[in-house]
Trainee: 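One structure follows; several queries about it will come next.
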Amino acid sequence: MRVRFWGTRGSIATPGADTVRYGGNTSCIEVESASGTIILIDCGTGIRGLGDRLLGGGRHPLRGHILISHTHWDHIQGLPFFGPLFVPGNEWDIYAPQGFEQSLQGTLAGQMQYTYFPITLRDLGATLHYHEIVEGTFRIGDVRVTAQYLNHPALTLGYRLEADGVAVVYACDHEPHDRSLAGGEGEIDGDDRRHAEFLASADLVIHDAQYTAAEYDGKKGWGHSTGEYAAEIARSAGVHRLALTHHDPRRVDSAVDDIVAAIRRHVAQTGSAMEVFGAAEGTEIVLHADPDRHLQLLTGEVSPAVPLPSAFFERTVLLGVADPALTATLREAVAADGIRALVETNGERTLARALEACPSLVILEEQLPGTDGPAVCRALRRHAAEIEGDLPIIVIADREKSAAADAAEGVSDWLVKPLSTAYLRTRVRSWLLRTPCHWQKAPVPPDEERRLAALRHLGLLDTPPEERFDRLTRLAAAILDVPTALVSFVDKDRQWFKSGYGHGPRETPRDMSFCAHAVASRAPLVVQDAMEDPRFADNPVVTGDPRVRFYAGQPLIMPDGSCVGTVCLVDTRPRDLDERQRGLLADIGELVRRELLLSNP
Ligand SMILES: [Zn+2]
Ligand SMILES: [Zn+2]
């Protein structure tokens, strides 16, 4: 990961002979992952030079992302001078904290009103997508981004970027929650501890250090850190390198030198090896993963997709659904993202409503009173004048459909029940955003009814744990060196665990189940890295707890040929099994199968 400082000054730009070394431009950082994902943090005046450099780089169209910490002037004033926004074909996503009163677009447009600037936001040539975000984790390309609130008079987010095995944190503007910590001493607790956890073991932290401890008394409540606080909080969090930034506008180069030297002495006294430097415009740092150090990823809920563009909330989804349980699940999935849902329960009314309401997405149940779902879809496709050609029309069926059937009827996608709220929510987002969904539900096996009968016949569902199975999962985890091993049954709408070594829940929805894929294929399934697999990357058990990266499942096949579940291994690290290990897993599978046959032969 490459990081370059384009603006390091706080509050206002300060060009001049005394600020040449650390630089006079206000906040702007460029981050590029090894695979070329471009993320800019803040657009102070430093972003102008960065824009020129990007345009000179010959990449067209330019695709990039801008994370804005907050909309104080020193963090957005360069935006109207950022060249790539004027070039048609370029596409930029802009993320900023969700404000209480004004939309992000409105705030940014405000500084580009004609009184202040000759070009309006709307006249920019590039395509812009605005995302108003709250605390949480999401992905931009191959970069995992975690946003966390800072302590500042304006609503402000810090950003932690994880990619290529390294972590970079940007935390400007921020004041100690407990002001007594400004001197760089005292017990770090409460919200300050939470802030330290946000920086935990990062390779580079770029932290607000506008003031010194000696100046702080006169600056309380202004929303900025002292160098001493930044150093102490980073040191306690096990940070590798600390860049002090957001230099006070009155600070000449030699004064920044003095502050950096004092902080280095302070850190050295504690015996810490943390490297400290003053962020200087033009400095570029390339961070490489340290093979001896296991990067500590942040824990916590991860949203299944990128935060939604604000225009998203004006969308309408039309549901033509008769099944009350399905209607309730769909309503919940759609409402979770604040999208409006219209519901009709028969075919004719759904068709009429679709033509008058111009929905952004239509979801139909296959069996509908009057005209069925596929017929409503065909009728809609004939009304090319009223509906958009790429309007996604989804049909939900009770059983699997052939691929040929979809194409013939103009159905964009078929889903098969059962469907969880989380799964539908992820799919709705990807249809509306026209982005691929990296979460595929396993197909329902052709012998499903016989399979479920065989599973019930075992008489093991919802029974207490038994040592004869727990012994085997314990051995599996030890022999194959994984934290979690399970005996999993794939039931009608859930997967239920008869035994779970290193695992808490007794069941999860079926569409989240990896085992359902092994059951459908009736073959061993090894997923080396779920985050890289289009079937699993957006699955909530991958994006959130328990953060599954590796999975290996051995199907459990009964004498009548039906596959009832798996014995499986799960790890939070990506890995593989060699031939010998795959053989051992098959051996354990055979032992579990024998126990099943003892239950009810
Ligand atoms: Zn600032
Ligand atoms: Zn500010």
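When a ligand or atom number is given, it counts from 1 through the structure's own listing order. It should be emphasised that the depicted structure is a prediction, and the values quoted were computed from it without experimental measurement.
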Trainee: Please give the atom name: the N, O or S atom of His246 nearest to the Zn ion (ligand 1).
Mentor: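 In His246, the N, O or S atom with the shortest distance to the Zn ion (ligand 1) is NE2.
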
Trainee: Between the Zn ion (ligand 1) and Asp74, which N, O or S atom of the residue is the nearest one?
Mentor: OD2

Trainee: To the nearest 10 degrees, calculate the angle at the Zn ion (ligand 2) involving ND1 of His72 and NE2 of His152.
Mentor: 90°

Trainee: Let me check your reading of the structure: within less than 2.8 Å of the Zn ion (ligand 1), is there an N/O/S atom from His224?
Mentor: no

Trainee: Do you see a donor-acceptor pair shorter than 3.5 Å between the side chains of Asp208 and His174?
Mentor: no

Trainee: Tell me whether His70 has at least one N, O or S atom under 2.8 Å from the Zn ion (ligand 1).
Mentor: no

Trainee: Under 4.0 Å between a side-chain nitrogen and a carboxylate oxygen: does that hold for Arg194 and Glu135?
Mentor: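 Salt bridge present between Arg194 and Glu135.
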
Trainee: Can you tell me if Asp173 has an N, O or S atom under 2.8 Å away from the Zn ion (ligand 1)?
Mentor: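 Yes - counting backbone and side chain alike, Asp173 has an N, O or S atom under 2.8 Å.
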
Trainee: What I want to find out is whether Glu197 reaches Arg160 closely enough, with some N-O distance under 4.0 Å, to be called a salt bridge.
Mentor: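 Arg160 and Glu197: not salt-bridged.
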
Trainee: Please determine whether a side-chain nitrogen of the Lys or Arg among Glu32 and Arg59 lies less than 4.0 Å from a carboxylate oxygen of the Asp or Glu.
Mentor: yes

Trainee: Any donor-acceptor pair under 3.5 Å linking the side-chain atoms of Tyr423 with those of Asn539?
Mentor: no

Trainee: Salt bridge or not for Arg575 and Asp529, using N-O below 4.0 Å?
Mentor: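 Salt bridge flag = no for Asp529 with Arg575.
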
Trainee: Does any N, O or S atom in Cys172 come within less than 2.8 Å of the Zn ion (ligand 2)?
Mentor: no

